[in-house]
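Order of the sequence lines fixes the chain letters, A, B, ..., with proteins taken first and strands second; residue numbering starts at 1 for each chain.
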Number of protein chains: 2
Amino acid sequence: MQNAKAISTPDLDQPPQKKGERRQVHEHVLSRMRRGLMVGAFLPGQVLSLRKLAAGLGTSPMPVREVLSRLIAAGALEETANGSVAPPRLGPDKLEDLFSVREVLEGMAAEMAARKATPALIEELTAINTKLLVAIEKRDISGCLSFNQEFHFTLYRGCGSDVILPLIEALWLQFGPTMYMSLLVPSMPWNAADHGAILDALKKGEHAAVKRGIVHDIRTTKRALLTVLGENGMADLPFAARSDLFGDF
Amino acid sequence: MQNAKAISTPDLDQPPQKKGERRQVHEHVLSRMRRGLMVGAFLPGQVLSLRKLAAGLGTSPMPVREVLSRLIAAGALEETANGSVAPPRLGPDKLEDLFSVREVLEGMAAEMAARKATPALIEELTAINTKLLVAIEKRDISGCLSFNQEFHFTLYRGCGSDVILPLIEALWLQFGPTMYMSLLVPSMPWNAADHGAILDALKKGEHAAVKRGIVHDIRTTKRALLTVLGENGMADLPFAARSDLFGDF
DNA sequence: TGCGCCGATTTGTGATCTCAGTATGTGATC
DNA sequence: GATCACATACTGAGATCACAAATCGGCGCA
């Protein structure tokens, strides 16, 4: 996953079209779909239709097919029996597996990033965290998800390895839909408490503490997720996907 | 990457066609390409043409496009400036990054597998290792690669997590072409010494020792790879890809 | 009222076609 | 003999087409 464009696009939605680089349709589709997966446009298990998706995006099915292939390869989507695709439903044990890998991978990335952290990076992270706190205060689910993701990935990008980053991104895309659904339950707590400790450790140059902070943050999220999904008997929560992003399916 | 079919196919080449499952063309293409990447059909940096690939595989470009998309998402292929694809050229630092992630991920998988290891699994691994030793004795490069891969993945499959396995597979696909090229250098040593220690630790139920064995094995491979590629000044080795698998390009 | 069958519709898959951008290779000219 | 220009061939991207399987709907029968 060394090419950053493989799965992760720098989130350019408006056709920037700078330089000789032609803006490809499938790049646009990819960034839309990736964001959609992270902010609740698709529910776990919700079957996505190729043609309807293409219609919603205003293109032919071709670029969508390319994107779906990539998302399947990343584990962000699963093939159903008849070849359709849907975001994965994560059971307790799979969720446990997923978050164990997150701990290892993101802990590693965080520690590496801490070694190379510049004051500018720390300042950037602090600013993002402030926006996250505001979003939490306002009960802005999409804001929470976006700023939390931005906080983590801004840190991880600092590790300087373009091998580990796409792997982490694949993991996030896998639990994104489940994460969003869980946040629709009012009792689901959002905890950004660890971020403060991470920033402190970053400023003090305590690499191991940064790693511990990230791992603790991941464990907290995992526990909350397991609790909420467990309370609801692992059955699907009776919520609908956001239709303001792609239309209905 | 939870669906095992996402990137990794159970290597079914002959149309098994059992049950109601339709054998899809792109699955066949995917398994061919994956094996090709691991046994030297493509060299690092070698540009692959969509149409020629399709012609070599006897299909239309469509299934190939789908497969290339998935391999790009896995990092097994990179997009060139004009949209073509090629296996990545791995420089020393990227190789270092890649193998660091391997240590963490495969170490984790190995330890988990060790906890669940059954006598049957250990016996299977022993048999594979025997075949590997024969291949080494015969200087059979393809055999070495295949059996070594089979040894590792048979162990990792025992970890019972279908989250971590596709990530490891993606990493192997990334360094596969570079690994093959390095083996063409006569001075490249192949070391399966750690496998014996791993099997011993497995039999004794020493989980940590299994993990240590895997990590040591990975470190040894990394060192050998860096040495061989360094000697040749990181320039491309003047070897050709195997044309007996896909034809020439 | 409940169950089963049949047809219309929608599904993904693969092939084909067009188009624009790029590389190639050959020719003429200096 | 070297270099530049133009024409040809080839590249991937996207749209469209064709087909078969599966799904969903409604109708008819028990």
Of the candidates dT11(D), dT16(D), dT13(C), the side chain of His26(B) sits closest to dT13(C)
Report the residue (Ala81(A) or Thr59(A)) whose heavy-atom-nearest nucleotide on DNA chain D is the more 5′ of the two.
Thr59(A)
Whole-Å distance separating the CG atom of Leu53(B) from the C1' atom of dG12(D)
13 Å
Just how far, in rounded Å, is C1' of dG14(D) from CG of Leu30(A)?
16 Å
Under 3.5 Å: donor-acceptor pair, side chain of Glu96(B), backbone of Gly91(B):
no
Using whole Å, what does the distance between atom P of nucleotide dG14(D) and atom CZ of Arg51(B) come to?
14 Å
Using heavy atoms to find the nearest nucleotide of DNA chain D for Gly58(A) and Ser84(B) separately, return the residue whose nucleotide is more 5′.
Ser84(B)
Using a heavy-atom cut-off of under 4.0 Å over every strand shown, decide if Leu50(B) touches base, sugar-phosphate, or nothing.
sugar-phosphate
Let's see if you can work this out: which of dG14(D), dT23(D), dG12(C) has an atom nearest to the side-chain heavy atoms of Asn82(A)?
dT23(D)
Which of dG14(C), dG12(C), dG14(D) is nearest the side chain of Gln24(A)? It is dG14(D)
Ignoring backbone atoms, test whether Ser60(A) places a side-chain nitrogen or oxygen under 4.0 Å from the OP1 or OP2 oxygen of dT16(D).
no
Listed nucleotide nearest any side-chain atom of Ser49(A), set dA13(D), dG14(C), dG12(C)
dG12(C)
Using only side-chain N and O atoms of Lys52(B), determine if any of them is under 4.0 Å from OP1 or OP2 of dC10(D).
no
Main chain of His28(B), side chain of Ser31(B): is a donor-acceptor contact present, judged purely on distance under 3.5 Å?
yes
Partner lookup for dC30(C), please. Criteria are Watson-Crick or G-U wobble with both distances under 3.5 angstrom; report none if nothing qualifies.
dG1(D)
Atom pair distance, as rounded to whole Å: CE in Met62(B) and C1' in dC17(C)
13 Å
Gln174(B) (side chain) donor-acceptor with Ala74(B) (main chain) under 3.5 angstrom:
yes
In whole angstroms, the gap separating P of dG14(C) from CD of Glu66(B) amounts to 7 Å
Of all the choices, dA13(D), dG14(D), dT13(C), which nucleotide is nearest to the side chain of Glu79(A) once you look at every atom?
dT13(C)
Determine whether any donor atom in the side chain of Arg65(B) lies under 3.5 Å from an acceptor atom in the base of dG14(C), or the reverse, and answer yes or no.
no
Find the distance Leu57(B):CG to dG14(C):C1' and express it as a whole number of Å.
14 Å
Side chain Ser182(B), main chain Met179(B), donor-acceptor under 3.5 Å:
yes
Look at the aromatic rings of Trp172(A) and Phe153(A) and report parallel, tilted or perpendicular, splitting at 30° and 60°.
perpendicular
